[in-house]
Each structure stands twice: as C-alpha cells, then as structure tokens.
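Let me begin by presenting the structure, written as structure tokens, before commenting on it.
Numbers restart at 1 for each chain; the letters A, B, ... are given by sequence-line order, proteins then strands. When reading the values below, keep in mind they use all heavy atoms of this one structure, side chains included, and skip hydrogens, waters and symmetry mates. In this text, all values refer to a predicted model and were calculated from it rather than measured experimentally.
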Amino acid sequence: MAEEKELRYDPAVIETKWQQRWAEDPSLYAAEPAGCGKPKYYVLEMLPYPSGQLHMGHVRNYSIGDALARHMWMRGYNVLHPMGWDAFGLPAENAALKNHTPPRQWTLANIDAMKRQMQRLGLGYDWATEVTTCLPEYYRWNQWFFLRMVEKGLAYRKKSKVNWCPDCATVLANEQVVNGCCWRHEETIVEQRDLVQWFLRITAYADELLDGLDTLEGWPEKVRTMQRNWIGRSEGTEVDFTVEGSAEKIRVFTTRVDTIFGATSVQLAPEHPIVKDFAATNAELRAGVDKLIDEQKRAREAGDLGAIEKHGVATGRFALNPYNGARVPIWVANYILMDYGTGAIMSVPGHDERDFEFATKYGIEVQRVIAPGAGNSDEPSLPFTSEDGVLVNSGIYDGMSCEAAQKQLQDLAASKGFGQATVTYRLKDWGVSRQRYWGTPIPMIHCDRDGLVPVPDDQLPVLLPEQVEITQQGGSPLGRVADFVHVKCPRCGGDARRETDTMDTFVDSSWYFYRYTDAKNSKAPFDPAAAQYWFPIDQYIGGVEHAILHLIYSRFWTKVMRDLGLVRNDEPAQRLFTQGMVIKDGAKMSKSKGNVVSPDDMVARYGADATRMYALFAAPPDRDLDWQEDGVAGVSRFLGRVWRLASRYAPLAKSRRGESAPVPQGVALKLLRKMHQTTAKITQDFEGRWHFNTCVAAIMELVNDMQAADAQLAAGEVPAPVLYDLLRTLVLLLAPFAPYLAAELWQAIGEDGAVLRAPWPVSDPDLAKEDKLEIPVQVNGKLVTVVRVASNADRAAMEAAAQKDEKVQARIAGKTVAKIIAVQGKLVNLVVK
RNA sequence: GCGGAAGUGGUGAAAUGGCAAACACACUAGCCUUAGGAGCUAGCGCCCAAAAGGCUUGCGGGUUCAAGUCCCGCCUUCCGCACCA
C-alpha cells in the first residue's frame with residue numbers, strides 16, 4: 001500500500017524544515033518594545049555553563065520554560081524569553097591544560113555547539129538578547145559594579161581565613177564549600193588558609209535578605225528555609241568578662257543572658273587571640289591548645305564539626321562576671337568556633353546541653369538559675385533549656401521571666417558599658433577573589449605611594465589578556481603576565497601593579513538577567529527604563545542546587561543595584577520554580593555514575609518534540625524524573641498517531657472549514673465535549689499546578705477518543721467544520737509541548753502564520769458539560785453500582801435512581817435505610833442498619 | 001538531633017474528602033505487513049480453576065455517611081541544616 005508509506009511520521013524531516021524557517025525569522029521569539037500595548041511576561045531559565053554538551057537536566061529545565069513561554073505568547077503576552085552563557089570558569093582552564101586550546105576559543109566553540117543543540121530542540125529564545133559573560137562587553141560591567149561597590153564600602157580587602165581548594169588552586173566562598181569539600185570537587189577537602197582577599201559586604205543586607213524572604217510567596221518554601229538557615233540571624237547579648245589580674249576583657253556572645261548568674265566558666269575558641277597570650281608563658285597550655293586546634297581543623301575538614309568529641313583545657317586563669325563579680329575559670333574548648341559570635345562564650349551548664357556535657361566531663365560546677373514558671377513547683381532535671389520560666393539564684397532578678405530579665409540585663413550592661421544587645425549572623429561576607437585566569441579581572445591597582453587605586457571608569461574594561469600560559473602553579477596566572485601587571489598609577493602616574501585576582505563567576509550570574517533587557521548597551525549595564533519594564537522576572541525556573549549560591553547572591557546584587565538607583569524592584573524574581581532532578585537507574589544522571597543519556601542521541605532517534613514531551617510527561621516538573629528510553633519511544637509513537645490522524649483528515653476539514661454546521665450530535669458532540677474538557681484542564685494547569693504530565697495525558701486521551709471514532713470520521717458522521725475545530729484545537733493545545741509538530745500541522749490544516757501567534761483556545765463550559773453522569777452508589781460506604789442520571793439531576797432524582805437499582809435493592813433488603821447522602825453530580829451513599 | 005519532601009500495580013505515574021490505579025511503559029494473545037524500534041485489536045493490581053465474591057494506596061490508631069487524601073503515633077527513603085553559643 002503505497003499510500004501507507006506516505007503516512008509515516010518523520011520528525012527529522014519536519015523538525016529540520018521548521019528549524020530553518022524559525023532561524024530565518026527571529027522575530028517569532030523576539031520580545032516587543034515596551035509600548036506594544038500587551039502585558040509583559042518575563043520567563044527565565046537559569047543559564048548554563050557552556051561545557052559543550054547539554055545534559056538532560058537542561059533539556060528538562062528548558063522544556064518547562066519553553067512550554068510556559070509558548071503558552072504565554074498564545075495568551076497574548078509580550079514575552080521575554082532569553083538565553084545566555086555562564087561562560088567564565090575553571091573547566092576552560094583545565095581544557096586549555098589538556099588540549100592546549102585557549103580558554104576563550106574552547107568556550108566560544110562550546111557555546112556554538114550548545115546553541116545548535118538548543119535550536120535543534122526548538123527552544124524559542126530571543127537570541128538578539130543573548131548574553132555571554134566571558135566577553136568584555138559583558139564583564140566590563142562586572143568591573144563597573146565592583147568599582148561602585150568599592151565607592152560604597154561594599155567591596156573591600158582583608159586578610160582572613162579562607163577556604164582553599166587544592167584542585168581548583170583558588171579560594172572559595174563559604175557558599176561553595178559543601179560538607180567541608182569543594183562544590184566542584186566533591187572528594188576534595190577544602191583547606192583553611194590565611195590570605196588577603198576581596199570581599200563583598202553581603203552582610204550589610206543580611207536583615208533585608210532575611211525579611212525579604214517573607215515577601216517571596218512565589219518561591220518554594222524549601223528554598224526560603226534554606227536561605228533563612230544560611231543567613232542564620234540570632235539575637236543576643238555581648239558581655240565583657242574581666243580577666244582576673246589583668247586589664248584585659250573577654251567579650252562573650254550569648255542568646256541567654258538571663259542565665260548569666262549560672263555561668264560557671266568562660267570558654268574560648270582555641271584560636272581566640274587571648275589564648276595566645278595565656279599560652280605564651282605556659283608550654284603545657286600551648287601544647288593542649290595546639291591539640292584542640294588540630295582537632296577542630298580535622299573535624300572541619302571532615303565536614304563533621306557537629307560530631308566532634310568535646311575536649312578542653314583549663315587555662316589556670318579566671319574571669320569575673322560583671323553582673324555579680326563571680327570568679328569563674330577560663331577554659332579553652334574545641335567546640336567553640338572563632339568565626340561565630342565573639343569566639344568566646346559564658347558556659348551555663350545548668351541551662352545548655354553542650355555546656356552541661358562539657359561541665360560534667362571536666363567536673364565544672366552546675367547551677368540552677370531558671371525554674372519553671374509560677375504554678376509549677378517541680379524542679380526539672382538539669383540541663384533545663386526552656387526559656388519558659390523564671391529566674392532563681394539570680395539576686396534581684398529572682399522571679400523575673402526570662403524575657404524580661406534579658407531586657408533588663410541588656411539595659412544594665414549598656415548603661416554600665418560592659419555589653420549590649422547585638423545580632424549575630426551565620427552569613428559571612430562573600431569572598432570573591434579567585435586566583436585564576438578565566439574570570440573578570442578585578443579593576444584595582446596597587447600603588448606603593450597611593451595604596452589601592454580603582455581603575456577609572458573610562459579605562460574599563462580591564463581586558464583579560466589573551467595568549468596566557470595556563471599552568472597549575474600556585475598564584476594567579478595573570479601575575480605572570482608582565483604586560484598586564486605593570487601599569488601606571490592612575491593617581492600619581494608612577495609605576496604600579498594591577499590586581500591579578502579575578503572575580504568569582506557567581507558575580508557574572510548575579511545580574512545577567514538584567515542585561516537581557518538591554519543586551520547591547522555600551523554606555524551602561526542596561527537602561528533602567530528597560531529593566532523597570534521587564535522586572536521583576538515573572539517566572540524563574542532552575543535547579544534547587546543554587547538555593548544558597550546564585551539565588552542569594554543575585555538577591556543581594558538586586559538590592560545593591562536598587563541602592564545605586566538602577567532598578568526599583570527589591571527582589572529579582574517574583575516566582576521561582578525548582579524542577580526535580582533527572583534520574584536513571586536509581587541515581588542522578590552524571591558522568592561519574594556512567595548513566596548519562598545524551599539529548600542529541602534522543603533527538604536523533606525520536607525527534608526533539610518526543611524528547612521534550614517525554615521530559616514533561618514522565619513526572620510532574622517538581623519531582624525527580626526517571627529517564628526511560630521506552631517512554632520516549634512511546635511519546636514518539638503517540639506523536640506519530642497525531643500526525644497520521646491530522647494528515648488523514650486535514651484535507652477534508654480544511655476544505656469545508658467555513659461552512660456552518662448543524663448542532664453537533666452523537667460522536668461529534670462527544671468529541672467536541674472532550675475537546676472543551678481538555679482545553680479547560682490544560683488552561684487551568686498552566687495557571688496553577690503546572691502538572692504538565694497530566695496535560696500531556698489529557699491530550700493523549702483526546703487523541704485516543706478521536707482515533708477510536710476513526711470509522712465514524714471516515715464515514716463523515718462528524719461534520720467537516722466540527723472536524724476542523726477538533727483538529728485546530730488539538731494543534732493549539734499541542735503547541736507548547738511539541739512545537740515542531742504543531743507548526744507542521746498548523747500548516748497542514750491550512751492556517752497561515754505562526755501557531756504561536758494564534759490565540760489560546762477557550763473552553764466553553766456548556767459544551768464541556770456532560771449531559772448524562774455516571775453516579776456511583778454506595779451502601780454503607782461500599783461501592784455497589786453505578787447509575788446513570790441527567791447531569792442536572794437534583795439530589796432527590798439521584799436518590800430515587802439509586803434506590804430503584806436492583807443491586808441496591810438486593811443489598812438493602814430487610815434493612816432500614818437510616819440516612820441517604822447524596823452529593824449532586826458526585827455520588828449517593830445509603831446508610832442502612 | 002532539627003526541618004522539609006516522599007512512600008500507590010512488574011515500571012513511570014493519576015486521583016478539589018466522593019467509582020483507587022487515568023495516561024503511558026513493559027508484558028501476553030491475536031490480526032496486518034513493505035519484517036519495523038511500524039500499525040491495529042484485546043487482555044493486564046492481588047486472592048480464588050472460573051464466576052460470584054473478597055482484598056488492596058509503608059505500618060498502627062482516629063475523625064467522617066465516605067480517607068491514598070484530614071488528625072495522632074510509628075517505620076523507611078531522599079534532600080537540606082546540624083556543638084552557631
């Protein structure tokens with residue numbers, strides 16, 4: 001049968017054809033100017049690192065975003081749907097070492113390859129706004145922002161303990177250390193080094209970053225919680241204890257100043273500066289402290305600070321409690337961290353579990369200073385950590401509530417000058433220096449006479465030199481480029497040296513989505529008016545792994561830009577969606593697991609539409625997705641059925657599309673009804689739940705119904721105009737999920753223009769409504785039968801129909817019907833005794 | 001330890017408190033044929049030889065006319081946090 005051969009769905013042919021047409025007409029996916037009169041919609045997916053290969057995680061992320069963008073286009077919005085490249089970073093240097101390809105060349109070639117993959121997938125991006133972060137046109141604005149931050153005191157240099165990844169041969173920000181290991185080298189323990197580094201003062205926005213989370217109702221609660229934990233705000237009190245026989249003071253931080261009368265020791269972090277003084281004349285103490293430092297370091301490196309066994313050494317010195325003059329021993333303990341609070345605590349074993357454990361071990365006194373509140377006379381065993389109680393053994397504060405006592409003790413400390421209320425954060429300033437080549441040069445100059453001098457704005461960008469030899473030696477590779485390093489001081493004109501560190505690549509991704517709104521601007525990072533039109537992002541879509549990295553940095557950056565007067569929004573993204581991982585054989589798809597499925601391979605075998613549609617069909621988007629190739633084949637077969645069905649009936653339908661049809665009946669009515677139900681379901685899902693898996697299933701049901709009616713369709717039982725309506729709506733519903741096939745069939749049914757410009761179908765509730773309903777009938781909650789009633793049947797009619805039924809009769813014979821529950825349109829339940 | 005998510009057929013999964021397993025994959029049987037990774041038809045949770053019937057959403061309780069769904073307790077898995085004073 002020769003004609004059967006023609007009826008073969010060949011995605012390669014269809015998809016290449018449309019890919020070419022779309023390439024020829026970039027306006028299809030282009031954002032329109034602000035004055036276009038349509039409401040705006042900014043849908044954004046996280047930009048990829050150009051490794052050279054898209055992986056399935058990308059395909060999933062971008063299929064979700066593209067479906068949404070297409071839907072919004074069809075809903076008549078002015079959609080901004082951009083894409084770019086997070087193009088700086090270490091892999092380019094590693095590749096340079098391995099294949100002697102310059103990082104720039106390697107990166108741009110990868111971008112080329114990945115862009116082709118995206119285009120092959122049919123993702124509808126506005127490539128006119130493409131952003132590539134490793135190009136000077138982009139990174140000069142990183143430098144510009146950096147200078148603004150220097151001016152505002154938000155960028156500064158200091159020596160401190162920093163995280164050093166030996167594999168990256170560079171420092172890392174705290175956010176980039178995961179369980180004591182490098183976020184890129186999961187097996188590599190991050191070392192602590194003392195280095196002078198550049199920091200961005202993200203802590204200046206700590207409270208705003210925390211409070212702003214409450215306004216981000218469109219963000220997953222999980223991400224908000226992670227950010228709250230990361231910021232780690234804690235209100236408390238700082239109190240100075242005097243060192244006995246010395247003028248020195250030890251400042252402690254506590255959240256429970258109300259328990260201070262129960263402080264029976266002061267505990268110092270092993271690296272506390274005063275410990276060094278104590279140990280200077282005490283070799284035994286020095287040895288003990290060194291051991292504690294070592295224990296702490298090892299625990300930190302094991303990423304298991306929480307499990308460290310508590311050890312301590314007594315210093316032999318004593319401290320005086322400023323509230324009552326009590327004399328308590330000073331200890332050094334391995335569970336006290338120098339980088340939190342003041343690096344010193346007052347130990348209250350009666351009311352803190354950790355202090356209790358330590359005190360018990362070393363025979364330190366335990367005192368009760370909090371008792372349960374009035375009307376509760378029993379004395380709970382120590383440690384009693386509740387804040388719901390009253391003070392005892394605390395002098396004039398006895399009987400006061402914990403909360404009231406805290407306030408009074410803080411006021412006293414403040415008025416006497418030995419302490420005050422403070423807030424402590426876990427969040428630290430963002431260390432942005434990297435001792436690497438392939439990043440944005442930090443635009444600063446070191447002059448012996450003038451110190452640190454910013455590069456003047458008119459000398460930006462500080463260009464990253466080409467032809468740099470990449471080695472694995474320590475120190476920044478830029479330091480070995482004489483031409484780069486030697487520079488005249490902009491202030492005094494004398495010989496000076498450039499800063500040779502580059503910026504963390506998370507700087508690039510902290511504001512890239514603003515650049516999309518005005519990507520070609522050479523005078524400013526972007527036009528504030530453009531940003532104001534498009535921002536905030538209506539829907540951001542990406543992986544949850546960036547919850548405390550990119551997603552906190554970019555919130556910070558937005559607030560800085562707002563304070564610079566560049567934007568008016570406080571937050572970058574109104575709504576955030578984090579899609580689940582792609583799993584295969586029970587593990588996350590990854591090279592190291594060897595379970596990677598290549599998108600190219602899938603596209604070659606089954607086509608882009610099938611690959612994308614499977615990524616949406618196999619699981620709801622927020623859940624993990626199990627990749628099964630048979631499933632992709634199944635979706636491909638489905639698309640084949642759609643194609644054949646449409647091809648078979650398109651000629652007839654389109655030739656008589658304008659004719660008026662009689663009121664549909666029989667199979668025509670049935671199909672029309674299904675069509676309106678499907679439209680309603682999918683429309684609803686785009687507006688809310690985003691269960692695209694069931695959207696695809698609904699389209700399958702519609703197609704199954706149409707196919708089951710094939711004989712009637714062939715016999716002309718469905719009037720041509722109705723048939724046309726069915727096919728047309730099917731294509732429209734398919735368009736966000738299978739754009740290639742939709743474009744092809746749109747043409748096949750004789751429509752002009754792009755399906756993307758056609759309005760999204762509207763479901764008619766009257767036509768969606770069934771005329772007869774099957775109502776389940778239960779007796780005592782157990783299903784007995786199903787009765788058919790008119791869809792508008794009231795409860796009485798339903799009850800009557802149920803009681804008339806033979807099976808029900810048999811079941812209730814000889815019993816008393818105590819009660820009948822009838823829910824209109826739902827069910828009837830007879831309660832019998 | 002704290003917080004969050006999840007646990008449903010052989011598999012991926014579906015179900016505003018109202019017929020559990022839609023839609024698909026795999027499998028079985030049949031048809032067709034240009035022998036394909038194609039198409040079509042039928043079957044497919046478990047127990048019982050079949051029917052009739054009974055059972056079934058990790059486990060145990062509860063609320064309700066009615067619970068996969070709500071409440072309480074527990075188990076398991078995954079994710080985040082974890083001596084943060």
- Enumerate the residue pairs fulfilling salt bridge (Lys or Arg N to Asp or Glu O under 4.0 Å) with a member in residues 623-634 of chain A, sequence neighbours excluded, ordered by first and then second residue. A/R605-A/E629
Please identify each residue that fulfils side-chain hydrogen bond (donor to acceptor under 3.5 Å, both in side chains) with [X], with sequence neighbours left out.
X	value
A/K584	none
A/E806	none
A/K361	A/E309
A/K161	A/D194

- A/Y649: ring-ring contact (aromatic ring centres under 6.0 Å, His included) partners, not counting sequence neighbours: none
- Task: With sequence neighbours left out, write down each residue that passes ring-ring contact (aromatic ring centres under 6.0 Å, His included) with A/W230, or none if nothing qualifies.
- Result: none
- Mind checking A/I336 for me? I need base, sugar-phosphate or nothing, with any heavy atom below 4.0 Å counting as a touch. base
- What does A/Q707 touch in the nucleic acid at a heavy-atom separation under 4.0 angstrom: a base, only the sugar-phosphate, or nothing? sugar-phosphate
Nearest-Å distance, [atom1] ([X]) to [atom2] ([N])?
X	N	atom1	atom2	value
A/L625	B/A14	CG	P	11 Å
A/Q778	B/U64	CD	C1'	12 Å
A/R8	B/C40	CZ	P	13 Å
A/K222	B/A6	NZ	P	11 Å
A/Q677	B/A15	CD	P	16 Å
A/L616	B/A14	CG	P	13 Å
A/D624	B/U11	CG	P	18 Å
A/M581	B/C78	CE	P	11 Å

- Distance col, row A/Q406:CD vs A/I260:CD1, nearest 0.5 angstrom, shows 11.0 Å
- Inter-residue atom distance A/E271.CD - A/I293.CD1, 0.5 Å rounding: 5.0 Å
- Side-chain donor/acceptor of A/N229 to base of B/C81, under 3.5 Å: no
- Item | Distance-only donor-acceptor test (3.5 Å): side chain A/E221, base B/G3 | no
When you compare [N] with [M], how far apart are their [atom1] atoms, in angstrom units rounded to a whole number?
N	M	atom1	answer
B/C70	B/G17	P	8 Å
B/A26	B/A15	P	23 Å
B/U69	B/G62	C1'	15 Å
B/U8	B/C55	C1'	15 Å
B/C71	B/A21	P	25 Å
B/G12	B/C2	P	31 Å
B/A85	B/G80	P	22 Å
B/G3	B/G18	C1'	34 Å

Among [options], which nucleotide sits nearest the side chain of [X]?
X	options	result
A/L337	B/A13, B/A85, B/C81	B/A85
A/R689	B/G37, B/A85, B/A15	B/A15
A/P620	B/G37, B/A85, B/A13	B/A13
A/R426	B/A82, B/G37, B/G12	B/A82
A/K819	B/C79, B/A85, B/C65	B/C65
A/L827	B/G18, B/G37, B/C40	B/G18
A/K826	B/C19, B/A14, B/U16	B/U16

- Message: Both conditions, 6.0 Å and 45 degrees, for the charged tip of A/K310 above the ring of A/F358: are they met here?
- Response: no
- Query: What is the per-nucleotide protein-contact pattern of nucleotides 21-27 of chain B, from the 5' end, where B denotes a base atom under 4.0 Å from a protein heavy atom, S denotes such proximity for sugar-phosphate atoms only, and - denotes neither?
  - Reply: -BBSSS-
- Between B/A85 and A/T342, is there an OP1 or OP2 to side-chain N/O distance shorter than 4.0 Å? no
- Task: Look at A/R788 and B/C19 and indicate whether a side-chain polar atom (N or O) is within less than 4.0 Å of OP1 or OP2.
- Result: no
- Message: Considering only residues two or more places apart or on different chains, which pairs with a residue in residues 774-804 of chain A satisfy ring pair (Phe, Tyr, Trp, His ring centres under 6.0 Å)?
- Response: none
What does the list of N/O pairs under 3.5 Å between the protein and nucleotides 51-54 of chain B look like, with a distance for each?
none

Give every donor-acceptor pair under 3.5 Å between a side-chain atom in residues 696-709 of chain A and any protein atom, sequence neighbours left out.
residue : atom : partner : partner atom : Å
A/E701  : OE1  : A/K674  : NZ           : 2.8
A/N704  : ND2  : A/M700  : O            : 3.4

- Note on the structure: Symbol by symbol from the 5' end, with Watson-Crick or G-U pairs under 3.5 Å, [ ] crossing and | another strand, RNA chain B is (((((((..(((.....[....))).(((((.(..)..))))).(((.....)))..(((((..]....))))))))))))....
- Task: For A/S791 and A/E770, run side chain to side chain donor-acceptor pair (under 3.5 Å): C-alpha distance rounded to whole Å, both residues' side-chain angles, the deciding distance at 0.1 Å, then the answer.
- Result: CA-CA 6 Å; A/S791 67; A/E770 300 284 352; over 6 Å; no
- Can you say whether the rings of A/Y323 and A/F418 are parallel (under 30°), tilted (30 to 60°) or perpendicular (over 60°)? perpendicular
